[in-house]
Each structure stands twice: as C-alpha cells, then as structure tokens.
Number of protein chains: 4
Amino acid sequence: MMPPSAPRGRPRDSRAHRAILAAATELVTDVGYAAASIGAVAARAGVGKDTVYRRWSGKAELVYEAVFTEAEACPVPDTGSLTGDLTALLEALIQEFSAPAAAAALPGLLADFAANPELQARIRSEFLAPAKDGLVTVFERAVQRGETDPNVQVDLVLDTLAGAVFFHIGLVGVQPSQQLAAQLAAIVGRGIETR
Amino acid sequence: MMPPSAPRGRPRDSRAHRAILAAATELVTDVGYAAASIGAVAARAGVGKDTVYRRWSGKAELVYEAVFTEAEACPVPDTGSLTGDLTALLEALIQEFSAPAAAAALPGLLADFAANPELQARIRSEFLAPAKDGLVTVFERAVQRGETDPNVQVDLVLDTLAGAVFFHIGLVGVQPSQQLAAQLAAIVGRGIETR
Amino acid sequence: MMPPSAPRGRPRDSRAHRAILAAATELVTDVGYAAASIGAVAARAGVGKDTVYRRWSGKAELVYEAVFTEAEACPVPDTGSLTGDLTALLEALIQEFSAPAAAAALPGLLADFAANPELQARIRSEFLAPAKDGLVTVFERAVQRGETDPNVQVDLVLDTLAGAVFFHIGLVGVQPSQQLAAQLAAIVGRGIETR
Amino acid sequence: MMPPSAPRGRPRDSRAHRAILAAATELVTDVGYAAASIGAVAARAGVGKDTVYRRWSGKAELVYEAVFTEAEACPVPDTGSLTGDLTALLEALIQEFSAPAAAAALPGLLADFAANPELQARIRSEFLAPAKDGLVTVFERAVQRGETDPNVQVDLVLDTLAGAVFFHIGLVGVQPSQQLAAQLAAIVGRGIETR
DNA sequence: CGATAAACGAGACGGTACGTCCAGTCTTCCA
DNA sequence: TGGAAGACTGGACGTACCGTCTCGTTTATCG
C-alpha cells in the first residue's frame, strides 16, 4: 500500500481554501451561477486564479463543493410510518435545495454537471448519495412493517422526489410551502404502499 | 389602435427563419447547449448575427423555439383508467424529452430560463402548458369515474412528473426504459387515487 | 487580375487604428517596451484587445509600426563629398534612433524581431531599407566623383553605421553628442575612400 | 574591517551553481532567450527556483554569466600592423558572438540590460571590457608605430566594431563570412589611420 | 555533541499578461 | 428596409511565469 506519498513542497493553505469556498458561495448568491466567474471568486477571496484552478478544475466542481458540502449528517428519520419518514426526508431535501446559495446555484450547476460525462456520473454518486442512503433505510423499515414490498425501485423514487423538488423550487421558483413535503410524501408514499 | 402596421421595407425572409432554427437544433445536438454560440448558429445558417438577434433575444429563446415547438398536437389520451391515461401522457413526455436535440438542450436551457425572471415565468406557461392541459382533462375524467377526488393539486403532480422525467433522463442520463412511463404512472396514479 | 475584392462588412475604424498607434507610442515611452502590454495599449486607446489583434499579430509588429512609420521622406543629401553625405545620413539616423519612443523601444523591439524568423527578414527589408536607399545613392555619386570604387559592400557599411548608432545610443545609453555623426562619418568615410 | 565573517550555516553547493549555468546555456540554445524561463532552468538543473534567485537576481544576469563568462583569456594580438591587430580582435569578437548560445541570447540579453539602468552600466564595464582592454593596447602600439594619433576615441571605435558585429550576426542573422573581420578591420583601420 | 543556521528540493502563494472566444451592438454595402 | 458581413467594446476563459513564501530535510560551523 502506497502511503499518501511524502507531501513535498509547501503545503496548501487551508485559509485560502476556505476563503475561496466562502467567496464562491457569496458570489453565487449575489449575482447568480452564470455570472459568477472564477476570476471574480478569486478576487473576492483575495487569491490568485491559479490557487483556485489548483484545487478545482472548473466552476461546477468549485460551486458544488462550496454549496453542497455541509454534510448535514441529518439522522435517518424514524417516525413509524413510511409516509412520515418520507415527509421528514423531503423536508430536509427541501430545506437544502431552498437555501439561498443552493437555489441560486442549482439549475446552472446541474446543467454543467449534466453536460460533462465525468461530472454526470457524480450527480447520482455524490449529489444524491446521502438522500439515497436515507431512502434505503426508510424502505427497509417499511418492508419490515409490511407497508411496502422489497422490490421498490429506489433509484426511480429518488429521481422522482428530487426531480419534483428541483422543478418546483429550482425552476418554477415557487416558494416552498409548509405542506409541500407532506403532500409529496402522501402521493409517493401511497403510490408505493402494498395494496 | 395601430393596424398590423403597413409592413414597410423588405419583409423578413422566412427561409432565413427556418434555416436558423434548423442550424440551432443541429448545433445543439452536435456540440451541446453550452458550446453552441449564437455566432456559430448564424454562420451555420448562412445568416448574419443581427438576423438572429432581430427575431430572438438570446440563446435560450432561440433554442427553446427550435427544439420544443413541433406542436405535437397529441390528442389527450382516453384509455378508461387514470393510470392508463397517465402512462400515455408520460410516454409522450418521455419521448419529447429524450429526443436527441431535447436531451442535449434541456439542462442548460432550463438553467437559462430559471436564471432570468422573465423567462422563468414561461417555464410553466409555455413549456408545461400542453402537458398541463392534458393532465387537467385526464383528471376531470378520473373524477367523473370516481377514481380520484376533485381537489388534486394539478401543478404539483405536473412538477412531479416532469421533474421525475427530467432528472431521470436529462440529468442522470439514463436511457429511458420501456416501462418507465408505466412505473411512474403506477406510483403517482395510485398515490392520488381515492382511498 | 483580382480586384481588391468587394470590401464587405463594416470597414475598420481608422480612428481606432490611430488611437492604438498613439497609445502604443505613449505607453512605450512611459513604461518601456517590456512593460508595455497589449492589454494596456488597448485600454489606453479605449479599444478591445481583439481590435488590436485583428490588425497586428503581436507587440513587436504593433510597436514597430507605431514608432517607425513616420515615413520621414528625408531627401538624400548631396553635399558634394562622401564624408559630408555620410554625416547628413547619420544625423538623420541618429535623430530617428534617439527620439524618446524609439530609444525606449529599440532594444526590445530588435530582440523580438531577431527572435522570430519571419520578422527577422523585415529588419533589413523594412527597418533599414530607407537608409540603404540613401546610402546607395550617396555611394553612386562618390563613385562618379572618384572618391570611392564601385564594389563597396553597402550592406556591410550599413550594418556598421546602424550598429554603431544603435550600440552607442540604444544600448550604452549615451546622449548623442553633436559631433557623433561627423566622427562616425569621418571614420567610415575615410575607411572606404579610394587610396 | 569585518573579516569575511565566519560563514555560518550550510555552504552553497557549487554543483548546483554549475548545473544551473549549464541548464541556462542549454535552454537558451534550445528554445531561445525569450522562451527560457527561470522556472524551466531550475527544473532542468534539478534545483529549486530559490536556489537560482539566491545567486542571480534575474534572467539577464544569469544568462549573461552562463553565456559570456568563459573568460577567453585571449592574448592581445600583436601582428605588427593596426589593421592586422584589429582583424585579430574582430575575429575573436565574431567567434564569441556567433557561438550558438551567444547568438541565441544576445539580442534579448542586451535588451534586458538596456532596459535596466543598473544593468545598462555593466554593458560597457563588463560586456565590452575585455575587448576594450585589447583595443587600448592595440592603439598604443599603433601610436608608437606612428600609424595613428593618440586621441582616437576608443569608446566610439569600440561601439562601432561591436555594433557592426552585433547587427550583422545577432540581428540580421547573417552567417559570418570568413572575410568579415578583415573587411571591417580594413574599413575602420584605414578610417583612423594618420593621414 | 548538540544547538544553530543557512542552503536545499519542492511547490503553493498573489499577481499580471497572454491570446482566444463570445456577447450584443453598430456600420457598411447590396438587393 | 432587410439582410450578410464583419468590426466594435467589453469581459471571461484557462495557461504560463513572475518573484516570494513556506514546508521538511540536509549539511555545515560553533559553543
């Protein structure tokens, strides 16, 4: 096993790292994803452009990390019912997507990810991974309770929930109502219940 | 009131109009939405840039019209059951979204629409309008059959269906399976059925 | 014969052309050749960088045209003696080389020309062409007067005179004295006289 | 007076010194002066950039030392005639200037020296110093022989000879002919002879 | 002998300029 | 007047160097 190779040369400055992420978040929130250029992020962070490109290969990767890596560590909900669990999951998803920076970044960010085959693969494997983990756990419990049967298509349900929230909030620009999570959970939950 | 105003001077050339739309469709399909510039569209159409800007105010409007105005005139399905009708609607939607030009254009196009308040309003009023009309009719019939109750939130269901298809095809890049429409219709249809 | 081909499209703006040349001359005089960037020239001229690159392919070409194209149209001197004619030619050369913009530009400019094979050819054919024409005429008259013989190596003499002036003024940075032209003319003139 | 002060700390590595000079010479010969960056020299020498900057303050100083410090120790010629001595001096100068590394470096190197007041002073005091010493000696002998008179302007003759060779070889790119030294010596020698 | 100090390789740092591309507008000639 | 051509200003792109700095490591002298 290769050890992480002796780290030679001057180590990267973590203050610069954080300053860039903060600047990216602010800039996207202020002027939008399309108008936020890497040069402007670097300038606001008080950093050279190379220092940005050394860490991220483009705007999409940078903004993704800046906006969607607060690792919310939200515990998988366990309300006792499938619909209740889905509602809780959706509430977290809605909150994440409707945060100012996220709402400003999402459409352009997803477009850039979708346009690049290498990044496209990361949409499922990183973007949706936490949600999927939660969803799998919730389904396992529901199967044990007999609420649903084991061969539910988790990926399809995940795309449906994420797509619904993204379209509703990110594109159509609707201010998410209090009941949104419950309403979506009701539709999808009942749609996959046994019987 | 001004009558349609005596069309003074040389009338616009409809061949140019069609050439531009065709060039836009080809270019988006070939190089993607982001890399398709207005200058390149004009050059491929054998047209000056101004001739494009005189008719459309930007890439988003142009590509929207080029890719999504084949007026599919598809009649509202009437299969006798809510799930059947939804399946038919979804099949049309999936076919539309997975056409080469549409798949290439959608993410970037929606991002540009979402970023511009003026265009954002048109996502619902134009993009989704035909689908919504069909959905309303289908629901009316389902209410008459007693399959569902009258206060279904059409817009929410519409966002869910469109979002699911967009995420599945446009972003994650999944080749749409034969059963996709039926599977989605089953989930959502059962989710809004009475009882 | 191809006519200059119908000049289609918007013609180039001669005001921009002149503004760029003026800005280049000023900037070279102010900050020196090395520190004068094309971007700075464009900015000072109130012009986009493309407008510069559309006309000149690099800093060397631009500065050459800006600094050395005042077509001095100085008539070939005819003082009656070889040494007198050479003195007059050298006075013109010294005046040209010691103008502020020229003195600031020359070393770097010649270095850039020398480094590029394509430009290197132009040093003789353009830079030194007017001086060479004058020198040839002066020699013809001297031959007729019997002062020198016909097989003088004009190019070598030209390199010697230009090199001497360039080294003295351009490199060593000596303020050219009043007698410089006469002194050089005396050395070189006597060196090529018959007997 | 401070003695050379006990040299504390690790002494400089003379292998690195030589490796840098060799790398600089190679690089200038291979890619030219302008394209030879300090970073590239350091990399080729297997050395950190600081190790270069610790010894030389810039590319000009480094390349000057790399290319023009073979201290050729050529003895002042003594052929018995002014023209003969000049020919010998010029042959040495031509050989020095037309060596591959020197020819590649000269124009850019002189431009950098000329652009920096501090370095400009060194052109005469270092670059031309050996040649000047020889020239002075040659002139002293010529005066003793009665070939020329004592108030010859050595500096001007030096600039003329060096300028002629530089222009002929360095800029115009002429392959130096066998007779070049003799021809130049003939012109300048006769030009400063008594009578 | 251990402390101290400088040089070393590597490479990250804030900057500046590069030359290209595109946006959206303007200006010319031709039909 | 419409249209093709193409020049216009402005600005972002991603790359390359600049000269400085900060690491961990090595090699010397000095107390």
Side-chain angles (χ1 to χ4, degrees), chain A residues 6-17 34-43 45-55 57-59, chain B residues 7-13 15-16 34-40 42-43 45-55 57-59, chain C residues 6-17 34-43 45-55 57-59, chain D residues 6-17 34-43 45-55 57-59:
Chain A
R8 304 225 288 162
R10 176 175 174 174
R12 299 211 175 146
D13 185 343
S14 66
R15 294 199 325 277
H17 199 96
S37 69
I38 295 221
V41 169
V47 141
K49 278 200 293 177
D50 265 12
T51 302
V52 178
Y53 282 110
R54 207 174 286 124
R55 296 154 202 268
S57 67
K59 184 163 70 165
Chain B
R8 304 232 299 150
R10 175 175 172 178
R12 294 199 180 159
D13 186 344
R15 295 199 325 278
S37 69
I38 295 226
V47 141
K49 281 202 290 177
D50 272 8
T51 302
V52 177
Y53 280 110
R54 206 172 288 127
R55 296 157 203 266
S57 67
K59 183 162 71 166
Chain C
R8 304 227 287 161
R10 174 176 175 176
R12 299 211 174 146
D13 186 343
S14 65
R15 294 199 324 278
H17 199 96
S37 70
I38 295 223
V41 169
V47 142
K49 278 200 291 176
D50 266 12
T51 302
V52 177
Y53 281 110
R54 205 174 288 125
R55 296 156 202 266
S57 68
K59 185 163 68 165
Chain D
R8 304 233 300 153
R10 173 176 176 177
R12 295 202 179 157
D13 184 344
S14 65
R15 293 201 325 279
H17 198 96
S37 68
I38 295 223
V41 169
V47 142
K49 281 200 292 177
D50 269 8
T51 302
V52 177
Y53 281 109
R54 206 173 286 125
R55 296 157 203 265
S57 68
K59 183 164 71 166

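The chains referred to below are lettered A, B, ... by the order of the sequence lines, with proteins before strands, and numbering in each begins at 1.
DNA chain E lies under 4.0 Å from no heavy atom of any residue of residues 36-43 of chain D.
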(message) Does the protein touch nucleotides 9-16 of chain E at the base, only the backbone, or not at all? Give it as B, S and - per nucleotide, heavy atoms under 4.0 Å.
(response) SBBBBBB-
(request) Take C/T51 and C/R54 through the side-chain contact (heavy atoms from CB on, under 4.5 Å) test and state the conclusion after the steps. (result) CA-CA 5 Å; C/T51 302; C/R54 205 174 288 125; 3.6 Å; yes
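Listed for the C/K59 side chain is a donor-acceptor partner under 3.5 Å among the backbone atoms of C/A36.
Put simply, OH on C/Y53 is 15 Å from P on F/dT9, counting in whole angstrom units.
Summarising the geometry, atom CG belonging to D/D50 is positioned 11.0 Å from atom CD1 belonging to D/I38; distances are rounded to the nearest 0.5 Å.
Taking the side chain to side chain donor-acceptor pair (under 3.5 Å) definition, one finds that A/R55 meets it with A/H17, sequence neighbours left out.
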